[in-house]
K.L.:
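One structure coming up, written as structure tokens, with questions to follow.
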Amino acid sequence: MQKIINIAVIAHVDAGKSTLVDAFINQSGLVGAHQTLEDRVMDSDDIEKERGITIYSKNLSVKYKDYKINIVDTPGHADFSSEVERIIKTVDTVILLVDASEGPMPQTRFVLQKSLEVGLKPILLVNKIDKKDRRPEEVVDLVYELFMDLEATDEQLDFPILYGIARDGIVVREVEDEGINIAPLFETIIEHTPVYPDYNDKPLQLQISTLAYDNFTGRLGIGRVFQGRVKKNQQVAIQRADGKIIKGKIANLYTYDGTSRISVEEAGSGDIVLVSGIDDLTIGDTINQPEHIMPLEHIIIEEPTLSMTFLVNASPLAGLSGKYVTSRNIKDRLDKELEVNVGLRVEALDTTDKFKVSGRGELHLTILVENMRREGYELALSKPEVIFKDIDGVKSEPIENVIIETPSEYQGTIMTKLNLRKGQLEDMSEANGYTTMKWTVPTRGLIGYNGEFITDTHGQGTLISRLSGYEAYRGNIAKRNHGVMISNTSGHAMTYSIFNLQDHGSFFIEPQDEVYEGMIIGETVRDMDMEVNPTKNKKATAVRSSGNDEAMRLTPVREVTLEMAVEFIGDDELIEVTPDKIRLRKKYLKANERKRHQ
């Protein structure tokens, strides 16, 4: 019987969670003396590395003395909170990681609440104590206030407090202590958390909390063995959410050794395992012995709040750079995503070239699209729409809790903008020239706001949001107050045309970029659309002009990223996504078609 403790690391985005996991790996003997470990090893996905955020929960195990400690690195963004909820049920304690200057943030609150509800006793680690603006004592007080606010028990309030610099692999018990490693954290985990009891002689009870996919073995179910032993080639019974029981066989069994999964013949109670061979395994399924059916409480998957229509790319430039361009390609890729992304919903629409894809938020959906783009897919996207519900006969919409911190000089602009977006101010405080505001805002009111917020606060503000629930519909929200410049012809954009048009607005294209009729090439300064010819060049004449031509200086173009495009487009517009380019266009490319559908 191994001494097993399962822990989850929970934190807000950029609190240092992934670097702490690196320190666990480096200091547990998993990395040899002549090996080097890349930074943020758990952020294995390219997008995770680029953005510095954890998107997909991952597992690893480390050994400390005679303990096996399974560590779950959980997502820090609210769009992936449903993954966090499931993980919490498989661990024995959580390390609550908070920034030494920022303190606990909204996502931290959400995950902590779930941890307290299932009776876990957290360990507090105040990270980044080397920051100039650190305030560890105040941060600890804020955490105590948060615990009390979440109705923590007296036992949960008596949490151990540690301080650290995760980036340097240092944890100490007191702020003034000199640290050399994270041994105090290992010791605190062992002192604070009982080893999982020995239930090996009981009937098998294994619940699936996460899914993965392997090209060789198919769908993998990841979960904790709550009791009994699970064996390779074992005949089992699987209980579904609807109560239906099916028979199956565990073809392969794996556990974690460091960041690798290793094949094992059997695993005991308390351990986190991966099983394959059961093709339609899903989140919340309980695996039992056929003669002992004992289902665990089913895990509820949170419903999507936002949807987008995925279409086949039908622009004049379609197929130039994409490898997968047909509706069949898109459908197969979405079906593959559904194997592991349980928060996603895909519905076929009235025509075969459209799919309604619903998720937990903008980031949830755009990460999927970005991955598809990098894999060689081409597609078109519609404007995101929130998913309304009928609650007791009342039209209701998803509402977000929003916390904003901004230099005080910009608070007036923010309040005006959020009021127009049907936001309601709940609380406001000011300190050291910064204003902190708490709002409730409809999810649809936040679509397209992030870019404005960055501009309005000159990049000095922070905005964090999380879904709080559904409330009665708050009324219509004004649409974008600027029109767009639409190309009325096809060809290559010319410096001469852009130079002469730039007084009318800002451009998304550069000279020599290929354009087509109906493509959106810029934003106007007025609240109306303009049809323009960006391909017009200066006429060549044999007569030399008196004096030199004025140098044509162009203002920098606005980069069209996927996030910018999702925020920007209107109801009658689409995003064209290809492996090498993201373009904006009107749904109807020809002017007479647009007039007919107004």
Side-chain angles (χ1 to χ4, degrees), residues 13 46-47 50-53 55 77 79 306-311 313 315 317 321 357 359 361-374 377-386 414 417 421 443-465 477-487 493 498 502 505-510 513-515 518-525 527 529 534 554-587:
V13 175
D46 287 342
I47 300 175
E50 288 167 19
R51 302 188 186 203
I53 63 173
I55 296 168
H77 195 282
D79 280 17
L306 207 64
S307 68
M308 296 175 78
T309 302
F310 285 33
L311 307 94
N313 182 20
S315 93
L317 301 180
S321 62
V357 182
E362 271 185 69
L363 187 65
H364 190 193
L365 294 173
T366 55
I367 291 293
L368 167 61
V369 175
E370 182 63 27
N371 277 323
M372 291 176 68
R373 185 175 78 84
R374 293 180 185 211
Y377 286 84
E378 280 195 18
L379 65 156
L381 304 172
S382 71
K383 181 179 175 64
E385 296 177 349
V386 300
I414 292 166
K417 294 272 180 80
R421 291 169 176 266
T443 299
R444 63 195 168 95
L446 291 176
I447 296 173
Y449 178 61
N450 195 52
E452 278 188 50
F453 176 79
I454 291 170
T455 303
D456 291 342
T457 61
H458 296 252
Q460 297 178 63
T462 57
L463 183 153
I464 301 150
S465 66
I477 294 174
K479 296 182 180 178
R480 186 178 69 205
N481 55 6
H482 289 277
V484 292
M485 280 187 265
I486 309 161
S487 175
I498 295 175
Q502 62 186 8
S506 55
F507 277 85
F508 305 147
I509 59 166
E510 294 181 317
D513 279 355
E514 199 165 358
V515 298
M519 180 174 159
I520 296 169
I521 60 171
E523 183 179 26
T524 65
V525 291
D527 62 350
D529 292 350
L554 301 183
T555 54
V557 300
R558 288 173 60 184
E559 185 186 5
V560 179
T561 63
L562 185 57
E563 286 73 21
M564 174 270 182
V566 167
E567 291 183 354
F568 181 83
I569 62 167
D571 295 331
D572 63 337
E573 296 162 359
L574 295 174
I575 306 166
E576 180 186 352
V577 179
T578 73
D580 63 355
K581 203 82 173 173
I582 292 171
R583 304 180 185 93
L584 305 178
R585 52 162 286 189
K586 287 292 185 179
K587 279 184 183 176

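Atoms considered below: every heavy atom in the structure, side chains included; atoms not considered: hydrogens, waters and symmetry mates.
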K.L.:
Check Leu381 against Ile569 and note the closest heavy-atom contact, atom names and distance.
P.N.:
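Where Leu381 meets Ile569 most closely, the heavy atoms are O-CD1, 4.1 Å.
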K.L.:
Between Ser382 and Leu574, is there a side-chain heavy-atom distance shorter than 4.5 Å?
P.N.:
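Side-chain contact under 4.5 Å: yes.
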K.L.:
Ignoring hydrogens, what is the shortest heavy-atom contact between Ile498 and Ile509? Give both atom names and the distance.
P.N.:
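The pair with the smallest heavy-atom distance is CD1-O, 4.2 Å.
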K.L.:
Using side chain to side chain contact (heavy atoms under 4.5 Å, CB included) as the criterion, list what pairs up with Thr555, not counting sequence neighbours.
P.N.:
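Expected list: Gln502.
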K.L.:
Taking only residues two or more places apart in sequence, or in another chain, which ones meet His458 in a side chain to side chain contact (heavy atoms under 4.5 Å, CB included)?
P.N.:
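Side chain to side chain contact (heavy atoms under 4.5 Å, CB included) list for His458, sorted by chain: Tyr410, Gln460.
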K.L.:
Going by ring-ring contact (aromatic ring centres under 6.0 Å, His included), name the residues that satisfy it together with Phe507, two or more places apart in sequence or in a different chain.
P.N.:
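Applying ring-ring contact (aromatic ring centres under 6.0 Å, His included) to Phe507 gives none.
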K.L.:
So do the side chains of Glu573 and Val484 get within less than 4.5 Å of each other, counting heavy atoms only?
P.N.:
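Side chain of Glu573 against side chain of Val484, heavy atoms only: contact under 4.5 Å found.
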K.L.:
Residues in side chain to side chain contact (heavy atoms under 4.5 Å, CB included) with Asp580, at least two apart?
P.N.:
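Once residues adjacent in sequence are excluded, the partners of Asp580 under the side chain to side chain contact (heavy atoms under 4.5 Å, CB included) criterion are Ser321, Thr578.
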K.L.:
Would you give the length of the straight line joining atom CD1 of Ile582 to atom CZ of Arg373, rounded to the nearest 0.5 angstrom?
P.N.:
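Spacing of CD1 (Ile582) from CZ (Arg373) equals 4.5 Å.
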K.L.:
Grab the two heavy atoms, one from Pro384 and one from Val566, that are nearest each other, plus how far apart they are.
P.N.:
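Closest pair (atom of Pro384, atom of Val566, distance): CG-CG1, 3.4 Å.
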K.L.:
Would you be so kind as to tabulate the donor-acceptor pairs closer than 3.5 Å made by side chains of residues 447-455, with sequence neighbours excluded?
P.N.:
unit_1	atom_1	unit_2	atom_2	d
Glu452	OE1	Lys417	NZ	3.1
Glu452	OE2	Arg421	NH2	3.0
Thr455	OG1	Gly451	O	3.1

K.L.:
If every non-hydrogen atom of Leu306 is compared with every non-hydrogen atom of Leu365, which pair is closest and at what distance?
P.N.:
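Taking every non-hydrogen atom into account, O-CD1, 3.9 Å.
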K.L.:
What distance do Leu317 atom CG and Glu576 atom CD have between them, rounded to the nearest 0.5 Å?
P.N.:
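Answer for the CG-CD pair, Leu317 versus Glu576, is 6.0 Å.
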K.L.:
Might you point out which heavy atoms bring Glu362 and Glu567 nearest each other, and give the distance in Å?
P.N.:
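Closest approach of Glu362 to Glu567, heavy atoms only: OE1-CG, 3.8 Å.
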K.L.:
Would you compute the distance between atom CG of Asp529 and atom CD1 of Ile520 and round it to the nearest 0.5 angstrom?
P.N.:
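Spacing of CG (Asp529) from CD1 (Ile520) equals 7.5 Å.
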K.L.:
For Ser506, give me all partners under side chain to side chain contact (heavy atoms under 4.5 Å, CB included), at least two apart in sequence or on another chain.
P.N.:
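Ser506: side chain to side chain contact (heavy atoms under 4.5 Å, CB included) contacts with Glu523, Arg558.
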K.L.:
Could you walk me through whether Arg583 and Val560 pass the side-chain contact (heavy atoms from CB on, under 4.5 Å) test, one step at a time?
P.N.:
CA-CA 7 Å; Arg583 304 180 185 93; Val560 179; over 6 Å; no
K.L.:
At what distance, to the nearest 0.5 angstrom, does CD1 of Ile575 lie from CG of Leu311?
P.N.:
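Between Ile575 CD1 and Leu311 CG, I get 11.0 Å after rounding to 0.5 Å.
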K.L.:
How far does CG of Leu368 sit from CG of Leu363, to the nearest 0.5 angstrom?
P.N.:
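That separation rounds to 11.5 Å.
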K.L.:
Report yes if the distance between the aromatic ring centroids of Phe310 and Tyr377 is under 6.0 Å, otherwise no.
P.N.:
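Between Phe310 and Tyr377, the centre distance exceeds or equals 6.0 Å.
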K.L.:
Between the main-chain N or O of Gly483 and the side-chain N or O of Thr524, is there a donor-acceptor pair closer than 3.5 Å?
P.N.:
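Pair found, side chain donor or acceptor close to backbone of Gly483.
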K.L.:
About how many Å separate NZ of Lys587 and NZ of Lys383, when rounded to the nearest 0.5 Å?
P.N.:
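Going from NZ on Lys383 over to NZ on Lys587, the span is 10.5 Å.
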K.L.:
What are the two closest non-hydrogen atoms of Val515 and Ala493, and how far apart are they?
P.N.:
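Distance-wise, the nearest heavy atoms are CG1-CB, 4.5 Å.
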